[in-house]
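For reference, the structure is listed below as structure tokens.
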Amino acid sequence: MAFWQGLINWLGYGHEGEEPEMEKPVLEAETTPVTPAKGKLVGLPTARNAMRLVIARPQSFEQAAGLAENLKNYRPLIVNVEGIPVEEARRIIDFLSGAAYALGGRVRKVTSGIFLFTTSNVDLSGDLEDQIPGGLNWLEAAGRGR
């Protein structure tokens, strides 16, 4: 009832002779404790979030699909194809190059027969050779072209 009477008085339709009711003073015990404002939480990098680098020395083309899974999981990959037949090395490098390309990554030749495959989440800088142009000397890459 007091709510409606207060609303009517506030709108100006109430009796002018009436005085508005005063609110009860709030006691200390009834107040809710004020919690401090929480700041913005920022995660710090830890060892759990460290990036993994996979180093592999495949012996056959059948292992290439397993290596490509690492690229799909955004793990950089170093592949050593020295010591395997040239045609087998070419197929492995071609397959992994396609996987890296599909993921927006890059292929870098580190030395003859050792290649670095990265995905889009890795930014390379330094003295590595330029990205592999259209061709590659596979005999030299396999360590047999000299």
Check whether any side-chain heavy atom of [X] lies under 4.5 Å from a side-chain heavy atom of [Y], and answer yes or no.
{"X": "Leu67", "Y": "Pro58", "value": "yes"}
{"X": "Ser97", "Y": "Phe115", "value": "no"}
{"X": "Phe117", "Y": "Ile93", "value": "yes"}
{"X": "Val79", "Y": "Ile55", "value": "no"}
{"X": "Arg52", "Y": "Pro76", "value": "no"}
{"X": "Glu88", "Y": "Gln59", "value": "no"}

#### Entry: Inter-residue atom distance Leu77.CG - Asn70.CG, 0.5 Å rounding
6.0 Å
### Query
When rounded to the nearest 0.5 angstrom, what is the spacing between OG in Ser60 and CD1 in Ile84?
8.0 Å
State, to 0.1 Å, how close [X] and [Y] come at their nearest heavy-atom pair, and which atoms those are.
{"X": "Arg106", "Y": "Ala100", "value": "O-CB, 4.2 Å"}
{"X": "Leu71", "Y": "Leu96", "value": "CD1-O, 3.9 Å"}
{"X": "Glu82", "Y": "Arg57", "value": "O-NH2, 3.3 Å"}
{"X": "Ala68", "Y": "Phe95", "value": "CB-CE2, 3.7 Å"}
{"X": "Tyr74", "Y": "Thr119", "value": "CD2-OG1, 3.5 Å"}

#### Entry: Asn73 side-chain N/O to Arg75 backbone N/O, donor-acceptor pair under 3.5 Å
no
### Query
Run the side chain to side chain contact (heavy atoms under 4.5 Å, CB included) check on Leu53 and Ile78 step by step: do they pass?
CA-CA 8 Å; Leu53 175 67; Ile78 295 178; 3.9 Å; yes
